[in-house]
Student: 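Sharing a structure below in structure tokens format, with a few things to ask.
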Amino acid sequence: MARLAGVSRATVSYVLNNTSAVRISEPTRRRVHEAAKELGYVPHAAARSLRAGHSRMVLMPAPSFPVGPLYSQFLGDLQMALGRLDYTVVQHGSVGLHGDEAARAWAELRPVAVLMPGSGLCPKGVTVLKRSGARAVVTLGPEAVEGAHALLMDHEAVGYSAGAHLHERGRRRIGVVVPEEDGLESFSAPRLEGVRRALHGTDATVTALPLAYEEKSAAGLAARWRALGLDAVFAYNDEYAMLLMRALQDEGLRVPTDTAVIGADDLMLGRLLRPRLSTVHIELPSGRELAELVDRAVRNPGAAPETHKVLGASVVHRESS
């Protein structure tokens, strides 16, 4: 390979191992990679792990909650950013495993880092992972976990933004959709609390509205809407908002004249509805920022865990509210 690329064996090693301590020009890197491709060279992951003292595998447990388009895009960006830093991302489907039991299953794979979405990991699980060789454990959820880096997702701010917006628009009898699907409680509960906090001390009322993500459930709620006496609804996210808005319209209710509707996530589909859907735009961290945190933690495993608040929320007012 060195002969084909016209470089030394050491240069080939530096390029293929992505060694940052040695500066190698981009044209030289391209020649080495082209030679490797021509010769059909594939790096030996186990040998690389032995040489480095750790793997390059970043394990991401599959989320236990339904994943929407916004979160899917975030995960895709993160995987690409980690790939550019020479990490291999593996999603682990630990169906039926929870807490320490799930952590032990992840530890068997000897990842160099674990990215845990949602809640469910405890300090004991973090210890199990670190003892098995994980240099970085990062959680993405509403609360920090002792021993792990934390990206705090403040979903209460999402509900607060929606509630404050509806109150400013003159709405006083506000419903809040609470999805019945498993795994969404850690998102829906703080969003409901955020609405309550926004309206605390005002003359507005808040009514929790359990709703399954299916047409029958939405139609049933819409049929009871007039009896509920609500003049607005924060529908958890854009997908539930679109489901409920269609059901309300089928019931003969006018949006926003009779009922204002606001979702969250700022999905493109919401802009295609008529009336266009008001929403809470959610600002997630970039995949690059999170990948750099992982890389920093892997390089310095003894550093104190970092905690960052990473979720921003702002209302995008359109016709439905």
Side-chain angles (χ1 to χ4, degrees), residues 20 54 56-65 67-87 89-92 103 106 111-130 134-162 183-191 193-194 197 237 264-266 280-315:
S20 58
H54 58 80
R56 300 293 292 178
M57 180 202 303
V58 176
L59 187 143
M60 294 183 64
S64 59
F65 49 86
V67 175
L70 182 69
Y71 196 79
S72 294
Q73 181 181 348
F74 166 67
L75 291 181
D77 291 344
L78 173 59
Q79 291 185 53
M80 288 182 62
L82 285 167
R84 285 192 288 270
L85 292 174
D86 201 32
Y87 291 99
V89 180
V90 175
Q91 279 211 328
H92 187 276
W106 306 333
V112 71
V114 175
L115 297 180
M116 175 65 191
S119 55
L121 188 63
C122 64
K124 186 177 179 181
V126 174
T127 301
V128 168
L129 290 166
K130 288 187 173 181
R135 293 183 163 215
V137 180
V138 182
T139 61
L140 296 89
E143 297 177 346
V145 179
E146 184 181 344
H149 300 273
L151 298 180
L152 300 179
M153 318 285 271
D154 185 9
H155 287 276
E156 192 170 315
V158 178
Y160 187 95
S161 297
L184 293 178
E185 298 86 357
S186 60
F187 303 98
S188 62
R191 292 187 183 193
E193 184 57 33
R197 186 164 60 87
N237 70 8
D265 292 351
D266 196 10
V280 178
H281 176 81
I282 296 175
E283 195 69 41
L284 290 173
S286 72
R288 179 183 57 80
E289 291 170 332
L290 180 49
E292 288 174 354
L293 169 61
V294 172
D295 189 53
R296 193 161 61 245
V298 167
R299 293 175 184 274
N300 189 10
E306 299 180 25
T307 298
H308 302 278
K309 291 186 177 181
V310 296
L311 190 150
S314 58
V315 169

Student: Partners of Phe74 by ring-ring contact (aromatic ring centres under 6.0 Å, His included), sequence neighbours excluded?
Tutor: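 By the ring-ring contact (aromatic ring centres under 6.0 Å, His included) rule, Phe74 matches Tyr71.
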Student: May I ask you to test the Pro111-Val58 pair for a side-chain heavy-atom distance under 4.5 Å?
Tutor: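 Pro111 vs Val58: side chains apart.
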Student: Using the side chain to side chain contact (heavy atoms under 4.5 Å, CB included) rule, take Val128 and Trp106 through it: C-alpha gap first, then chi angles, then the decisive distance, then the call.
Tutor: CA-CA 9 Å; Val128 168; Trp106 306 333; over 6 Å; no
Student: Looking at residues at least two apart in the chain, or sitting in another chain, which of them share a salt bridge (charged side-chain N to carboxylate O under 4.0 Å, His left out) with Asp265?
Tutor: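 Scan of Asp265 (salt bridge (charged side-chain N to carboxylate O under 4.0 Å, His left out), adjacent residues dropped) gives none.
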Student: Heavy atoms only: give me the nearest Gly147-Lys130 pair and the separation to one decimal.
Tutor: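 Closest pair (atom of Gly147, atom of Lys130, distance): O-NZ, 2.6 Å.
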Student: What's the spacing between Lys124 NZ and Thr127 OG1 if we round to 0.5 Å?
Tutor: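 Going from the NZ atom of Lys124 to the OG1 atom of Thr127 covers 9.5 Å.
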Student: Could you report the tightest heavy-atom contact between Ala291 and Ala81, atom names first, then the distance?
Tutor: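 Result for this residue pair: CB-CB, 3.6 Å.
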Student: If you count heavy atoms of other groups shown closer than 6.0 angstrom to CD of Gln91, is the number above 12?
Tutor: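 Above 12, so yes.
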Student: Would a 4.5 Å heavy-atom cut-off, applied to side chains only, mark Glu289 and His308 as touching?
Tutor: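 Answer no - side chains too far apart.
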Student: Leu151 and side-chain contact (heavy atoms from CB on, under 4.5 Å): which partner among Leu293, Leu115, Thr307, Thr139?
Tutor: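 Looking at Leu293, Leu115, Thr307, Thr139, the match for Leu151 under the side-chain contact (heavy atoms from CB on, under 4.5 Å) is Leu293.
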Student: Taking all atoms of both residues into account, what is the closest heavy-atom pair of Val137 and Ala134, and its distance?
Tutor: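 Closest heavy-atom pair between Val137 and Ala134: CG2-CB, 4.5 Å.
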Student: Indicate yes or no: at least one non-hydrogen side-chain atom of Val158 is less than 4.5 angstrom from one of Phe187.
Tutor: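 Answer no - side chains too far apart.
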Student: What are the two closest heavy atoms between Leu152 and Glu143, and how far apart are they?
Tutor: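 Closest approach of Leu152 to Glu143, heavy atoms only: CD2-C, 3.6 Å.
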Student: Kindly compute the distance separating CG (Leu82) from CD (Glu292), expressed to the nearest 0.5 Å.
Tutor: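 Between Leu82 CG and Glu292 CD, I get 10.5 Å after rounding to 0.5 Å.
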Student: What closest approach, in Å, do Val315 and Ala162 show between heavy atoms, and which atom pair accounts for it?
Tutor: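 Answer, listing the atom of Val315 first, then Ala162: CG2-N, 4.4 Å.
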Student: Which heavy atom of His149 sits nearest a heavy atom of Ala297, and at what distance?
Tutor: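 Residues His149 and Ala297, closest heavy atoms: NE2-CB, 3.5 Å.
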Student: Quick one: does Pro117's side chain get under 4.5 Å of Pro61's, heavy atoms only?
Tutor: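 Pro117 reaches Pro61 side chain to side chain.
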Student: Working to the nearest 0.5 angstrom, can you tell me the gap between Arg288 CZ and Leu85 CG?
Tutor: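 Atom-to-atom, Arg288:CZ and Leu85:CG are 10.0 Å apart.
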Student: Does His155 reach the main-chain N or O of Arg191 with its side chain, forming a donor-acceptor pair under 3.5 Å?
Tutor: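 Checked: no pair found.
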Student: Report the distance from atom CG of Leu140 to atom CG of Leu121, rounding to the nearest 0.5 Å.
Tutor: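 Answer rounded to 0.5 Å: 11.5 Å.
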Student: Between Leu78 and Met60, does the side chain to side chain contact (heavy atoms under 4.5 Å, CB included) criterion hold? Intermediate values first, please.
Tutor: CA-CA 11 Å; Leu78 173 59; Met60 294 183 64; 4.0 Å; yes
Student: Could you check Met153 against Leu284 for side chain to side chain contact (heavy atoms under 4.5 Å, CB included), going step by step and ending with a plain yes or no?
Tutor: CA-CA 9 Å; Met153 318 285 271; Leu284 290 173; 3.4 Å; yes
Student: Under the criterion salt bridge (charged side-chain N to carboxylate O under 4.0 Å, His left out), I'd like the reasoning laid out for Glu193 against Arg197: C-alpha separation, chi angles, the key distance, then a yes or no.
Tutor: CA-CA 6 Å; Glu193 184 57 33; Arg197 186 164 60 87; over 6 Å; no
Student: Side-chain contact test, heavy atoms from C-beta onward, threshold under 4.5 Å: evaluate it for Asp154 versus Lys309 and give yes or no.
Tutor: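 Not in contact.
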